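All of these numbers come straight from a predicted model, not from anything done at the bench. Remember, it's 1-based here, ligands and their atoms both numbered in the order they're listed. Start at 1 with the first residue, then count along the sequence.
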Amino acid sequence: MVEIRKPITVQEAVSKVMAHMPLMPAETVSIDDCDRRVLAEDIYADHDVPPFNRSPYDGFAIIAEDTNDASRENPVTLKVIEEIGAGDVAGQAVGHGQAIRIMTGAALPEGADAIVMLEVVHEKNNGKEIEIKRRIKTFDNISWKGEDTEKGTLLLEKGRQVTPGVKAVLATFGYAKVKVYQQPVIGIIATGSELLDVSEPLVPGKIRNSNAHMMISQVKEAGGIPEYFGQLKDDFDHSFRAVKAALAEVDILITTGGVSVGDFDYLPDIYKKLGAEVLFNKVGMRPGSVTTVAYLPDSGQLLFGLSGNPSSCFVGFELFAGPLIKGCQGLKNRFLSLAEATLTHDFPKPNPFHRFVRSRAAFTNGQWQSSPVGLDKSNVVTSLAEANALMVLPGGTRGYKSGDQVNVLLLNSEGREHFCL
Ligand SMILES: Nc1nc2c(c(=O)[nH]1)N[C@H]1C(S)=C(S)[C@@H](COP(=O)(O)OP(=O)(O)OC[C@H]3O[C@@H](n4cnc5c(N)ncnc54)[C@H](O)[C@@H]3O)O[C@H]1N2
Ligand code: MOO
Ligand SMILES: [Mg+2]
């Protein structure tokens with residue numbers, strides 16, 4: 001008799017996986033090598049930005065009061081006593097009747113309390129004097145010390161991913177080296193006697209192994225380091241040895257195929273022989289219902305047994321393995337973001353399981369719209385190239401109609417801290 005598996009909900013399955021999440025240790029890397037890594041330290045401003053009052057324009061630093069009586073008919077003349085560019089500091093203070101020619105980014109000279117732009121003044125006497133024909137207000141055009149951020153401000157919390165903008169902040173505060181979490185090494189094994197290598201020609205009964213390449217990419221997107229151990233024939237002893245050997249070299253192991261109830265689905269027996277605790281082997285979802293996750297108590301390693309069906313494998317990864325890989329690097333926003341969208345197609349047939357329909361979500365006229373892409377079957381591969389979202393159609397007794405409001409999980413989005421559907 002074949003084993004009848006008891007499904008758990010997606011929410012329960014996510015909780016079980018995350019409850020077994022290891023946290024990678026921190027390491028210090030060069031700022032040049034920290035792209036997309038996760039900060040393992042809070043970043044505070046240890047000085048004001050900008051660190052001094054400065055000019056936001058190319059112009060002249062003056063004392064505003066000197067222009068109190070200036071008008072078109074009665075221009076005020078100031079003597080230019082020095083010129084400074086960005087990086088220079090004036091050698092003298094500005095006094096009444098004087099101006100210092102100053103370029104954008106240069107420190108405001110002592111005595112000056114306003115900047116007039118070059119375009120506003122009339123230069124005369126070979127640039128030794130300037131004429132101003134209007135009143136300039138005190139503090140006009142000054143970029144104040146600390147106006148961007150003040151010393152002591154918490155700028156980036158640990159658990160943030162390094163983006164180009166985050167890098168700008170790190171560089172501003174002198175982080176030539178940055179403390180980030182280590183990236184987990186994720187072993188990948190494809191199983192199936194039907195699998196051909198990507199470079200092999202098709203022969204009867206065989207297909208090319210697409211899942212391994214897809215998962216290597218998914219692991220990279222999630223910030224893990226993929227280590228591919230190749231594709232295995234459906235042979236128990238050979239597969240057991242390969243899984244055991246891979247486990248010795250990785251933090252987490254992901255397999256694809258061989259997790260269902262078929263005669264050559266050996267993963268369940270491999271988990272048994274390894275002494276792994278199976279957290280679940282059936283989830284109330286489509287595709288990916290056979291997704292299995294097991295835990296090795298001695299080493300603390302997780303084994304993800306993803307389905308062989310390409311779309312099931314993809315969805316199983318995105319819902320369970322992806323967040324785990326992100327989470328163990330300390331990433332706070334480890335789960336896919338959720339948006340509410342208007343469904344553009346009918347799904348009349350009810351399904352007892354939650355469906356995760358590969359979809360294209362687009363934000364148009366202030367609203368998300370979600371359209372399914374390709375055939376909604378778990379063995380389909382081509383729709384994966386078009387999908388930028390997984391539309392969530394909760395299981396139940398009714399179908400869905402075009403115009404219904406549904407939730408969509410956005411692939412490759414910034415992510416969020418908590419999982420809910
Ligand atoms: N009697 C039952 N049969 C099946 C059940 C069930 O509950 N009872 N579940 C079905 C569901 S749902 C799924 S999903 C699949 C899961 O199968 P496995 O995870 O055991 O995967 P395989 O049997 O090895 O392969 C399934 C399918 O995927 C193709 N495949 C496998 N690996 C790859 C790869 N690397 N790249 C591309 N395609 C791959 C394989 O050729 C098969 O067509 O089980 C159902 N059966
Ligand atoms: O696990 Mo299967 O993907 O539900 O089709
Ligand atoms: Mg199978």
Side-chain angles (χ1 to χ4, degrees), residues 1-10 13 187-200 202-219 226 228-236 238-239 242-243 246 253-271 278 280-294 303-321 349-358 374-385 387 390 392-395:
M1 242 315 253
V2 76
E3 167 207 2
I4 306 297
R5 299 180 179 180
K6 195 175 169 301
I8 64 170
T9 65
V10 175
I188 294 171
I189 291 178
T191 71
S193 298
E194 74 281 29
L195 299 179
L196 296 169
D197 186 75
V198 62
S199 59
E200 289 183 279
L202 283 185
V203 290
K206 311 259 183 190
I207 57 162
R208 290 197 188 94
N209 169 9
S210 57
N211 291 354
H213 296 279
M214 174 180 79
M215 291 195 302
I216 289 169
S217 279
Q218 285 176 300
V219 166
Y228 181 45
F229 294 91
Q231 55 200 44
L232 307 177
K233 298 236 174 305
D234 291 318
D235 173 273
F236 178 81
H238 176 58
S239 300
V243 165
L253 183 66
I254 308 182
T255 57
T256 172
V259 272
S260 190
V261 293
D263 295 346
F264 309 105
D265 290 338
Y266 290 125
L267 263 302
D269 291 335
I270 291 175
Y271 298 141
V278 173
F280 53 85
N281 61 11
K282 184 106 179 159
V283 188
M285 63 190 248
R286 279 259 131 81
S289 64
V290 300
T291 306
T292 300
V293 178
L303 296 106
F304 287 84
L306 303 184
S307 165
N309 274 327
S311 287
S312 313
C313 180
F314 180 87
V315 171
F317 186 100
E318 292 299 325
L319 289 181
F320 307 113
K349 221 172 124 195
N351 195 304
F353 284 170
H354 272 46
R355 268 179 296 175
F356 293 86
V357 183
R358 280 133 283 150
L375 196 59
D376 186 35
K377 280 188 166 184
S378 53
N379 52 15
V380 160
V381 67
T382 53
S383 62
L384 292 169
L390 297 172
V392 188
L393 299 182

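In this structure, Arg208 contributes its side chain and Glu200 its backbone to a donor-acceptor pair below 3.5 Å.
No part of Asn379 comes within 4.0 Å of ligand 1, judged by heavy-atom distances. With a 4.0 Å cut-off on non-hydrogen atoms, Asp265 touches ligand 1 through its side chain and not its backbone. Counting heavy atoms under 4.0 Å from ligand 1, residue Val290 touches it through the side chain alone. The part of Val261 lying near ligand 1 is the side chain, judged by heavy-atom distances below 4.0 Å. When heavy-atom distances to ligand 2 are checked against a 4.0 Å cut-off, Ser307 has no atom that comes that close, whether in backbone or side chain. Contacts between Ile207 and ligand 1, counted as non-hydrogen atom pairs separated by less than 4.0 Å, involve the side chain only.
For atom 35 (N) of ligand 1, the closest heavy atom belonging to the protein is Asn209 OD1, 2.8 Å. Closest to atom 42 (C) of ligand 1 among all protein heavy atoms lies Glu194 OE2, 4.1 Å. Looking only at protein heavy atoms, the nearest one to atom 18 (P) of ligand 1 is Gly258 N, 3.6 Å. For atom 5 (O) of ligand 2, the closest non-hydrogen atom of the protein is Ser378 OG, 2.7 Å. The closest protein non-hydrogen atom to atom 19 (O) of ligand 1 is Gly308 N, 3.0 Å. Closest to atom 3 (O) of ligand 2, if we only count protein heavy atoms, is Ser312 OG, 2.3 Å.
Polar contact with ligand 1: present for Ser260 (N/O pair, distance under 3.5 Å). Considering both main-chain and side-chain atoms, Ala212 never comes within under 3.5 Å of ligand 1 through any nitrogen or oxygen pair. Taking only nitrogen or oxygen atoms, main chain and side chain alike, Ser312 does not reach within less than 3.5 Å of ligand 1. Between Asn211 and ligand 1, at least one pair of N/O atoms sits closer than 3.5 Å. When only interatomic distances are considered, the shortest N/O to N/O separation between Ser289 and ligand 1 does not fall below 3.5 Å. Residue Thr256 has no nitrogen or oxygen atom sitting less than 3.5 Å from a nitrogen or oxygen atom of ligand 1, judged on distance alone.
For Ser210, the closest heavy-atom approach to ligand 1 falls below 4.0 Å.
The contact set between ligand 1 and Asn309, taken as ligand atoms under 4.0 Å from a residue heavy atom, comprises 13 (C), 14 (S), 15 (C), 26 (C), 27 (C), 28 (O). Atoms of ligand 1 found under 4.0 Å from any heavy atom of Val259 (numbered from 1 in listed order, with element): 18 (P), 19 (O), 20 (O).
The one candidate from Cys313, Ser307, Ser311 that meets the side chain to side chain contact (heavy atoms under 4.5 Å, CB included) condition with Asn309 is Ser307.
Of the listed residues (Gly308, Cys313, Ser289), the one carrying the non-hydrogen atom nearest atom 4 (O) of ligand 2 is Ser289.
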